[in-house]
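So the structure is just underneath, and the comments pick up after that.
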Amino acid sequence: SVSIPCHCSTLGPAGLVVNCSSLNLVEVPNLPSDTTELHLQNNRLTSVSPGLFDRFTGLNKVSLSKNPFHCDCQIHYLRNWLLKNRAIVLKEPLCVTPSSVANKAITELSDDYFSHCAVANCANGIYNIIIGVALCCLIILLLWSLSLARNSNFTLDIDERHSGFEADSLRSLKPKHRKRLHTGLSEVSVDSESLGDTEDLERPLLNMELLPQVLDALHKKHNIKIKAT
């Protein structure tokens, strides 16, 4: 059955006439595949979907006149179909727009008129494929990076001999000069660096009481494991 109130009637034992004329149609409705005679004139059709008429193998009469066909790339299928089926077309449908081909028969449109359509469609298809592949790669890369960052563990080994930090590097930068120590009997020359060593030995090591708390916070918040060896 037809999806809109077209008038259907049988024509002989194997014929079906479908009259959809003057119904203000903007597209061809879903028609029975055994349609042998189709009337679509005097509607508001601007184009025909590619492959629409291919399933009507028994079609022997078609009327498409008095429709405002827009003759751009979308009309290419209808033009080719009309060229192959001139014998069953009751009246040549005409282009209404664009103005460059107004009132020109659709079958009179040359191959050159549609030459840019194939190039545009091909270029658009390739461009869409490239963009799609690039987006997929970007998404995969982001997901991989997120998974890697989430599963990564960082371990920092601290040797026991470094549990207290001494400023050896700073001490080595002190200029070397000699000091004279006055005693009751004589003067003794001593390197200032030796005195510095004595002072450093007497200086307490840096407070390491907060180190366990720091290590625990790094492990819980940033998944960084620090192991003492």
Side-chain angles (χ1 to χ4, degrees), residues 1-140:
S1 61
V2 184
S3 59
I4 63 169
C6 294
H7 179 71
C8 300
S9 59
T10 57
L11 181 65
L16 180 63
V17 178
V18 179
N19 186 358
C20 296
S21 62
S22 304
L23 293 177
N24 288 324
L25 300 178
V26 295
E27 62 181 4
V28 179
N30 184 24
L31 303 175
S33 58
D34 58 345
T35 300
T36 57
E37 187 173 321
L38 178 60
H39 297 273
L40 287 167
Q41 70 272 17
N42 196 27
N43 281 293
R44 294 190 295 155
L45 302 177
T46 59
S47 184
V48 171
S49 301
L52 177 68
F53 293 126
D54 294 345
R55 64 190 185 94
F56 300 126
T57 56
L59 200 60
N60 55 41
K61 189 178 293 186
V62 179
S63 178
L64 290 167
S65 60
K66 295 183 180 181
N67 280 289
F69 286 112
H70 180 66
C71 295
D72 59 0
C73 293
Q74 300 299 321
I75 209 72
H76 196 195
Y77 163 77
L78 180 59
R79 176 257 192 183
N80 290 341
W81 187 89
L82 290 172
L83 288 175
K84 296 177 182 177
N85 297 274
R86 285 179 181 271
I88 67 174
V89 179
L90 297 179
K91 187 176 181 180
E92 284 275 359
L94 305 178
C95 298
V96 174
T97 56
S99 58
S100 59
V101 291
N103 297 319
K104 186 174 185 177
I106 296 177
T107 54
E108 293 179 2
L109 299 175
S110 64
D111 291 335
D112 292 339
Y113 183 79
F114 298 100
S115 61
H116 70 285
C117 298
V119 175
N121 291 336
C122 182
N124 290 336
I126 295 175
Y127 175 79
N128 291 335
I129 291 174
I130 293 175
I131 294 298
V133 171
L135 289 176
C136 289
C137 292
L138 180 59
I139 293 173
I140 292 173

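FYI, the numbering just counts along the sequence from 1.
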Could you state the interatomic distance from [atom1] ([X]) to [atom2] ([Y]), rounded to the nearest 0.5 Å?
X: Asp72; Y: Thr97; atom1: CG; atom2: OG1; result: 8.0 Å
X: Ser33; Y: Leu59; atom1: OG; atom2: CG; result: 11.5 Å
X: Ser63; Y: Leu38; atom1: OG; atom2: CG; result: 8.5 Å
X: Asp34; Y: Thr10; atom1: CG; atom2: OG1; result: 10.5 Å
X: Leu94; Y: Thr107; atom1: CG; atom2: OG1; result: 9.0 Å
X: Leu16; Y: Glu37; atom1: CG; atom2: CD; result: 9.5 Å

Problem - Derivation and outcome, side chain to side chain contact (heavy atoms under 4.5 Å, CB included), residues Thr36 and Phe56 - result: CA-CA 7 Å; Thr36 57; Phe56 300 126; over 6 Å; no

For residues [X] and [Y], report the shortest heavy-atom separation together with the two atoms involved.
X: Leu52; Y: Tyr77; value: N-OH, 3.4 Å
X: Leu78; Y: Val48; value: CD2-CG2, 3.9 Å
X: Cys6; Y: Val18; value: CB-CG1, 4.0 Å
X: Ile106; Y: Cys95; value: CG1-SG, 3.9 Å
X: Phe69; Y: Leu64; value: CE1-O, 3.4 Å
X: Leu25; Y: Pro29; value: CD1-CD, 3.9 Å

Exercise for the section: Return yes if a side-chain donor-acceptor contact under 3.5 Å exists between Asn42 and Ser21, otherwise no. Expected result: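 There is no such pair (donor and acceptor under 3.5 Å, judged by atom type) between the side chains of Asn42 and Ser21.
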
Handout entry: Residue pairs passing the ring-ring contact (aromatic ring centres under 6.0 Å, His included) test where at least one lies in residues 84-113, sequence neighbours excluded
Key =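 Sorted pair list comes back empty.
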
Problem - Pair listing, ring-ring contact (aromatic ring centres under 6.0 Å, His included) test, anchored in residues 18-50, at least two apart - result: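 Every pair satisfying ring-ring contact (aromatic ring centres under 6.0 Å, His included) with a residue in residues 18-50: there are none.
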
Practice task
Begin from the C-alpha positions of His116 and Cys73 and carry the test side chain to side chain contact (heavy atoms under 4.5 Å, CB included) through to its verdict.
Solution key: CA-CA 9 Å; His116 70 285; Cys73 293; 3.6 Å; yes

[X]: partners by side chain to side chain donor-acceptor pair (under 3.5 Å), with sequence neighbours left out:
X: Arg55; value: Asn30
X: Ser65; value: none
X: Asn43; value: none
X: Ser49; value: none

Handout entry: Greater than 12 external heavy atoms within 6.0 Å of Asn103's CG
Key =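 12 or below, so no.
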
Quick one: list whatever passes side-chain contact (heavy atoms from CB on, under 4.5 Å) with [X], sequence neighbours left out.
X: Val89; value: Trp81, Leu82, Pro93
X: Ser47; value: Gln74, Ile75
X: Pro68; value: Thr46, Val96
X: Ala102; value: none

Practice task
Using the salt bridge (charged side-chain N to carboxylate O under 4.0 Å, His left out) rule, collect all pairs that involve residues 74-91, keeping only residues at least two apart or in two chains.
Solution key: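 Non-adjacent pairs meeting salt bridge (charged side-chain N to carboxylate O under 4.0 Å, His left out): Arg79-Asp111, Arg86-Glu92.
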
Practice task
Verify side chain to side chain contact (heavy atoms under 4.5 Å, CB included) between Asn24 and Arg44, making sure each step is shown before the conclusion.
Solution key: CA-CA 5 Å; Asn24 288 324; Arg44 294 190 295 155; 4.0 Å; yes

Problem - Student check: side-chain heavy atoms of Leu109 and Val101 closer than 4.5 Å - result: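 Side chain of Leu109 against side chain of Val101, heavy atoms only: contact under 4.5 Å found.
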
Handout entry: Side chain to side chain, Leu45 and Val28, heavy atoms closer than 4.5 Å
Key =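 Answer yes - side chains close enough.
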
Exercise for the section: Applying salt bridge (Lys or Arg N to Asp or Glu O under 4.0 Å), name anything that partners Asp112, two or more places apart in sequence or on another chain. Expected result: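 For Asp112 there are no salt bridge (Lys or Arg N to Asp or Glu O under 4.0 Å) partners, ignoring immediate neighbours.
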
